[in-house]
Structures are given as C-alpha cells and as structure tokens.
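See below for the structure under consideration.
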Amino acid sequence: LRDANATLARIDEDRQRFFADFSHELRTPLTVILVEAELGRRSTEKDAALSVIETRAKRLSRRIDDLLRIARSKSGRVHLDPKPADLRRIARDAVTEMRPAVRQAGVEIALATGPSPVVTADAQWTRQVVAGLIENALRHAGDGGRIRLRVGETGETGTVQVIDNGPGIPEDRQLKVFDRFDRG
C-alpha cells in the first residue's frame, strides 16, 4: 500500500509539473502575441506587428508540439532526438526567434563570429534552451542593455554563452539557477 501511495504521489507530482511547465511555456509567447496584436491595431506599422505575431505564433505552436511530445511519452520525460547539429545555426535560430522581444525591450543582441561546432543534440530542444536563456537575459539586461552570444568548443564539448550587462547572480544564489522556475 505504501509503494502504491508513493507511486501515485510521484504520478501526481509529474502531472502537476507538466501543467506548470505547460502554462509557463505558453504564457510568454501568448503575452507577446496579444501585445503585438494590440500595437498592430493602433499602429501604421502593421507589417512589423504581423511579422512579430507570426513569429511568436510559430514559436507557440512549436512549444505546444514539444509539450504534447512529453505528454505522449510513456515516462512523462522528454524524448530527445539527438543528431549532428550546427550549434551556431541553433544559436542564430534562437536569436532570430527572440529578436522581436529583444527589439521591444530596447536591448541590443549580437551573435559573435567564430567557429561553428557540430554537436550531437536535439536541435529543437537546444534552440528552446538557448531562447530561454536569451529570455532570461532580457529580463535582467534592462532598457538599453546588451546581450552577446558566443558559440565555441571546450575540448569535445560545444558551448553557448549568453552574456548580458545585467547585475549578475549573487554567489549564494548561483546553484539555484537549476531549480525549476526559481527567481532570485
């Protein structure tokens, strides 16, 4: 009976985590879509607003597909499809995806030139992680801020660095960045 209760508790915790992830992943792109639609209605720059709406709607559609892929998996875990992938292209796709939000925030973003390592990764999930890092940097870079991405290699490992001019993370909070939805 204890084992059955523990299993049910884990299943319930996984279900709650899934719905928390689902709502978190949908909230940001949906907010941007709604804001851009409102601005587009008021603006003479309708093409720019429609472009942002289209980009964000595509991103939202990809997130829904990602979350459904998790929900359909038997384990409730992410199923990755690792293949050789160009890490610079993944970073560039994430920058392109986030450019409307970056522009709206009044922040400058740049992808540094350099080597383009080929890594074994699920390109869609990796792009999503890099876009999430850019989104976090946006929150902390502030108006007039700068975000730089550097793609490189350390030994046999590809690296993506997202660097902003925000206040940084206090040393005592640095390990918390790996906790789900933790905010400093």
Side-chain angles (χ1 to χ4, degrees), residues 21 24-33 35-36 39-40 45 47-67 69 78 80-170 173-174 176-178 180-184:
D21 288 349
H24 177 76
E25 291 297 325
L26 296 181
R27 188 175 296 121
T28 300
L30 187 55
T31 299
V32 172
I33 289 169
V35 167
E36 288 296 326
L39 290 173
E45 304 267 336
D47 287 345
L50 288 174
S51 175
V52 171
I53 290 169
E54 179 184 23
T55 300
R56 290 308 230 169
K58 286 178 181 176
R59 180 179 181 199
L60 186 58
S61 179
R62 283 194 305 264
R63 291 283 171 99
I64 290 169
D65 290 344
D66 292 343
L67 291 168
R69 190 165 69 167
V78 175
L80 299 176
D81 187 19
K83 295 180 181 168
D86 181 326
L87 194 53
R88 175 166 301 287
R89 181 176 180 164
I90 291 169
R92 188 176 55 241
D93 289 348
V95 168
T96 300
E97 177 180 322
M98 295 301 297
R99 195 165 299 284
V102 168
R103 189 173 33 248
Q104 185 176 17
V107 173
E108 175 191 321
I109 189 167
L111 176 60
T113 59
S116 187
V118 174
V119 296
T120 301
D122 185 307
Q124 292 303 321
W125 282 100
T126 305
R127 176 203 41 78
Q128 184 175 331
V129 167
V130 175
L133 292 171
I134 294 169
E135 195 170 357
N136 285 340
L138 267 178
R139 276 192 214 107
H140 301 287
D143 194 31
R146 293 181 315 277
I147 299 172
R148 299 281 180 264
L149 277 78
R150 276 191 274 199
V151 176
E153 294 178 271
T154 303
E156 294 183 20
T157 303
T159 61
V160 177
Q161 295 176 316
V162 179
I163 305 152
D164 66 63
N165 64 336
I169 303 169
R173 301 279 308 155
Q174 289 179 4
K176 298 294 254 173
V177 299
F178 299 104
R180 291 167 29 94
F181 306 125
D182 185 73
R183 292 179 183 226

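Model, not experiment: these values are computed from the prediction.
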With sequence neighbours left out, the residues meeting salt bridge (Lys or Arg N to Asp or Glu O under 4.0 Å) with Arg148 are Glu108
Testing the basics here: between [X] and [Y], what is the closest heavy-atom pair and its distance to 0.1 Å?
X      : Y      : result
Leu111 : Ala91  : CD1-CB, 4.1 Å
Ala105 : Leu138 : CB-CD2, 3.8 Å
Ala123 : Ala85  : CB-CB, 4.3 Å

With a 4.5 Å limit on heavy-atom distance, are the side chains of Ile147 and Val95 in contact? no
Using the test side-chain contact (heavy atoms from CB on, under 4.5 Å), find all partners of Pro167 that sit at least two apart in sequence or belong to another chain.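 Partners of Pro167 by the side-chain contact (heavy atoms from CB on, under 4.5 Å) criterion, ordered by chain and then number, come out as His140.
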Distance-only donor-acceptor hits, side chain of residues 149-161, under 3.5 Å, sequence neighbours excluded:
| unit_1 | atom_1 | unit_2 | atom_2 | d |
| --- | --- | --- | --- | --- |
| Arg150 | NE | Gln161 | OE1 | 3.3 |
| Thr159 | OG1 | Gly152 | O | 3.4 |

Calculate, to the nearest 0.5 Å, the distance between atoms CG and OG1 belonging to Leu87 and Thr126 respectively.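 Reported to 0.5 Å precision, the distance equals 7.5 Å.
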Taking only residues at least two apart or on different chains, which pairs with a member in residues 91-102 satisfy side-chain hydrogen bond (donor to acceptor under 3.5 Å, both in side chains)? Arg59-Glu97, Arg62-Glu97, Glu97-Arg127
Excluding sequence neighbours, so at least two apart, what forms side chain to side chain donor-acceptor pair (under 3.5 Å) with Asp86? Ser116
